[in-house]
Peer 1: 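I have a structure here, written as structure tokens, and I will follow up with some questions on it.
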Amino acid sequence: MTGTHHAGTSPATDYEVVIGLEVHAQVVTESKMFCGCSSRYSGAPPNTLVCPVCLGMPGSLPVMNRTAVEATIITALALNCEIPEFSKFDRKNYNYPDLMKGYQISQFDLPFSQAGWLEFDDPANPGQMRRAGITRVHLEEDTATLKHVRDSSGETYSLMDVNRAGVPLMEIVGDPDLRTADEAGSYLRAVRQILRYLGVSTANMDEGAFRCDANVSLRPWGQAEYGAKVEVKNMNSFRSVVRAIEFEIVRQRDLLDAGGRIVQETRGWVDDRAITVTQRSKEAAHDYRYFPEPDLPPIITPEAEVERLRSLLPELPDAKRQRFADAYRMTSDIADTLTQTRALAEYFEQTVNLSGNARAAANWITRDVLRILGATGAEIDQILLTPAHLADLIKLLDTGTISGRTAPEVLEEAVSTGSMPREIVQQRGLGQVSDTDALTTAVADAIASNPKAVADYRAGKATAMGFLVGAVMKATRGKGNPGLVNELLKQQLDG
Amino acid sequence: MHGTLSPLSSRKGDGARGGAFCPAIAAHGMLGEFGLMGAPGQPAGHTRHMHVTREHLVGISGDLTALTAPEARDLLVRRQISATELAHAVLGQIERTESQVRSFITVTADEALAQARAADVALGGSDPGATPPLTGIPVALKDLFCTTGVQTTAGSRILEGFIPPYDATVVARLRAAGAVFVGKANMDEFAMGSSTENSGYHPTHNPWDVSRVPGGSSGGSAAAVSAGQAILSLGTDTGGSIRQPASLCSVTGLKPTYGRVSRYGVVAFASSLDQVGPFSIGVEGSAMVLQAIAGADPMDATTAPFAVPDYRSTIRDGVKGLRIGVPAEYFTAGMEPDVERLVREAIQTLTSLGATVHPVSLPYSEHGLATYYIIAPAEASSNLSRYNGIKYGLAALDEVDMTRAMDATRQRGFGNEPKRRIMLGTYALSSGYYDAYYRKAQQVRTLIKADFDNAFASVDVIAAPVSPTVAFKMGARIDDPLAMYLSDVCTIPVNVAGLPGISVPCGFDHQGLPVGLQLIGKAFDEATLFRAAFAYEEATSFHRQRPPLAEQAGSEGSVNQAAMGAGKAGGPQRAPHA
Ligand SMILES: [Zn+2]
């Protein structure tokens, strides 16, 4: 289905699809947004990382986590946002048991940032980029988690774990600039890549550290006003985001074509049935009664502070990709692959620095290292093969210590044991024979025992040389330095 | 959830206490030294008055419940009395008067006595003057300060049974200062009210006339100090909730500058207006409490980082040259003639002491009440959202559905006034009304504040009435919320502007009911308020007049105490006479 729902395929009316994404990403911090409890709740027993503040007990007050604020501003800068000097927190009031205070501390009209943009791969034009606006990046707090349980008698009840309550949560609101489900997927990947580059979020969707809601509407081509907006929630993978949007486009188009009206509402994606269903109509929508959080003073971010945070920005994926392509003279595909993650790019550059051979480093990484990662499911910083190992291997090859034929064996050994390639070669006697004296004997033997090949060579048959090299290599069990063997053969045959 | 009492209540010091009051120590001449030089480590300013004996201070009756905090401190440090003796005195006074006054929701007699014994251990050490400044002094806490291990209700049934596992910062600071906590004082539910009739438990009565209200919302805290049930108490003031009951009960009550005192662990009513402050007999006690509780708190982001001055070092500096502003707008229709007369006389007294009087104008204060009744309910509607029975307090366990259980808890747990304000505040914040109400109120708030800034460009303090009327009859305004709200018309603008204000007794009306003078200061200039209020009280004697109920119960108590003391002669609690 992917990519087939461009407006032009509509049977009755041509519609323009309008999509905007809201991304929630947990911010990586030691402690929670407004208290000193640990925010590393994954795996912790329920309700152990709590205090009066994140439990919302009477009289408790929030105190801002500076790291989370900085992470949000840095993210906003990476997304090319403006950082207003004055911002504040607000209360978003609604009642639900997972909300400890009966309100969420969030940001309403004066968030930390506004008016940015993001470039992402245009799925319709490979190699081209598309740009989408970023409305804002703001900071809020996560809620507790509720677990609805049915016991053996059929009775249902809910269990609450407050560990997650108060974990800092960044919201990246995108402009309604996306036009296809695939664009949404590409945009989402770009957002995730930037968050991971910045190290501000793990951005793992399956852990709930990265969540996405999609606003989808249709309007006849040329119409200025947006159509009624449907907010789609409950997607728990990139794939389900794309599928849910695709479904919603078809649903809305069919409804409009049949003369129906789109109702502004919130719909939930039901993954196993691959449909969206009504969750909440506009009439039942919350009035959040936002007002400035009186327990927290406004945040002043002077220009100098913005510049200080800007100086902390790492090289971002686009810039890195461009630089790799230019500096290492690689294709954009290879540059793209090597910059997928900041860790991989760093792995590559460290290997280059240690080996002095960018081309070999790129080849080994895109071919072998990524294969190993794919096979083991490990992250680049978790494998035993470090850039030092890989650089060592490249140097052994470049100096002719080993041949291209033995290199894969050395690599496998290094990957599984963590031994340095140099040591593996030494211990297992895999080094190439580059000793002229030793090879001279083998060359003389080969000439002596293959008179036909010698004759062919002298008669000008080019293939004869290859046969003789093979004979020498066989005699040295593959360890002869092919260049040197060639040279010695020529000397003896021509001399 | 069930916490333990503070280390101060530990009983392990009991064995040492006998030695603490051993006459042998006194024989080394330490008491004499203190008598001459004052307590070590304290500025000379504190000792300008002569130390006198217990008999001089408390009269022949020996009623310790009539002591001011500095007097109690002096006697404790000089071992003229023991903390245990003082605790027994106020607990006895509670026993004798509580059925009439009903200041408390919870009396913590056992904890108080344990803390007093610990205080006696500390005071019995080699340097009693070096003990923390409130060591052994009985304090009542409004029941919205979270106290580890002691029920904290905020006057609401919805928090019945809530036992905090933590201390409010002010409670922790008072503990560290050595205070003895006698109980949790009654209050209007969630501090919403001006009479303490809105308590979810019972109303409190004015010790001066038990058919009248003590004011509110900190009515229990004011009545307790007035009746001698505590030497000091702590309240909160959101729109006048310290100053108005102080005025109606004839005690001193201070509302500090917003940000001067931490709100951490104080059950919130209106977060941008709430501020914690003391009640005392005499100004100096309030200065002692503020000294102990003021200052930045890492747990409250709205506390100011400014250093806390030594209030008692300037309290006796007098008012010569002090410029007092008098705003015509605060002497308006609806004010009782006796109130206006007594307040103007008080200003006259200050003039006679060397202050100068200047008319100032605060035109926007007129809109203070309207502004307040948008902002406070708006914040309250949000602050009170957390009370839904899921985590603590009342829970409608008979409802099986989660949402219905939350709704039912709130329906049953909240009284009428919180419900009224939740509705007002929810409306004011609603989509489409926010600009017309909340935003507008914040704009007016800025104007009210600007008025004060203008006035303070030319004066040092502003003098005004506290309450337009004396204590009213119980039930008189309970069905007329607007009349009740008007009780705070002179105090609310001060909260709206975030300024400090103090109420000091300035006389009695024709019925013998107390009236208070309000002095309003510049932001963070509580020192000048203390100085002016102290000069005034030194020149008058209103603050030393006790309600007959307290006087009578106190003398009965001291007779009993004397009898008890004689009965167990040589008991460790008896202080040696110097
Ligand atoms: Zn916490």
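Order of the sequence lines fixes the chain letters, A, B, ..., with proteins taken first and strands second; residue numbering starts at 1 for each chain.
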Peer 1: Is there a donor-acceptor pair closer than 3.5 Å between any side-chain N or O of A:Arg164 and the backbone N or O of A:Thr145?
Peer 2: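 Between the backbone of A:Thr145 and the side chain of A:Arg164 there is no qualifying donor-acceptor contact (under 3.5 Å).
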Peer 1: Using heavy-atom distances under 4.5 Å, tell me whether A:Tyr290 contacts chain B through its side chain, its backbone, both, or neither.
Peer 2: backbone
Peer 1: Taking side chain as everything from C-beta outward and backbone as N, CA, C, O, which of these in B:Phe190 sits under 4.5 Å from a heavy atom of chain A? Side chain, backbone, both or neither.
Peer 2: neither
Peer 1: Under 4.5 Å from any heavy atom of chain A, what part of B:Val266 do you find: side chain, backbone, both or neither?
Peer 2: backbone
Peer 1: At a heavy-atom separation under 4.5 Å, does B:Tyr264 approach chain A through its side chain, its backbone, both, or neither?
Peer 2: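 For B:Tyr264, backbone and side chain are both near chain A.
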Peer 1: Between A:Ser60 and chain B, with a heavy-atom cut-off of 4.5 Å, which part of the residue counts as in contact: side chain, backbone, both or neither?
Peer 2: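 Looking at A:Ser60, backbone and side chain both touch chain B.
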Peer 1: Looking only at heavy atoms and a cut-off of under 4.5 Å, which of A:Gly102, A:Gly36, A:Pro297, A:Pro97 has the most pairs with chain B?
Peer 2: A:Pro97
Peer 1: Quick check on the interface: out of B:Thr403, B:Leu159, B:Asn383, B:Leu273, who has the most heavy-atom pairs with chain A under 4.5 Å?
Peer 2: B:Asn383
Peer 1: Let me know if B:Tyr387 has heavy atoms under 4.5 Å from chain A in its side chain, its backbone, both or neither.
Peer 2: side chain
Peer 1: Between B:Ser262 and chain A, with a heavy-atom cut-off of 4.5 Å, which part of the residue counts as in contact: side chain, backbone, both or neither?
Peer 2: neither
Peer 1: Can you find a pair of side-chain heavy atoms, one from B:Ser221 and one from B:Met187, that are under 4.5 Å apart?
Peer 2: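 No; the side chains remain at least 4.5 Å from each other.
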Peer 1: With the threshold set at 4.0 Å, does a side-chain nitrogen-carboxylate oxygen contact exist between B:Arg263 and B:Asp297?
Peer 2: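 Here B:Arg263 does not pair with B:Asp297 in a salt bridge, since their nearest N and O are not under 4.0 Å apart.
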Peer 1: Taking the side chain as every heavy atom from C-beta outward, state whether B:Arg445 and B:Ser272 have any pair of such atoms under 4.5 Å apart.
Peer 2: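 The answer is yes; the side chains approach within 4.5 Å.
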Peer 1: Closer than 3.5 angstrom, by distance alone: can the side chain of A:Arg211 be matched with the main-chain N or O of A:His24 as a donor-acceptor pair?
Peer 2: no
Peer 1: By a 4.5 Å heavy-atom criterion (distance strictly below it), what part of A:Asn93 contacts chain B: side chain, backbone, both, or neither?
Peer 2: side chain
Peer 1: Could you tell me whether the side chain of A:Met160 reaches within less than 4.5 Å of the side chain of A:Pro46, counting heavy atoms only?
Peer 2: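 A:Pro46 vs A:Met160: side chains apart.
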Peer 1: Is it true that B:Glu417 and B:Lys419 have a side-chain N and a carboxylate O under 4.0 angstrom from each other?
Peer 2: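 Answer for the salt bridge query: no.
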Peer 1: Between B:Ala154 and chain A, with a heavy-atom cut-off of 4.5 Å, which part of the residue counts as in contact: side chain, backbone, both or neither?
Peer 2: neither
Peer 1: Can you see which heavy atom on A:Thr29 is nearest to which on A:Ser39, and at what distance?
Peer 2: O-OG, 2.5 Å
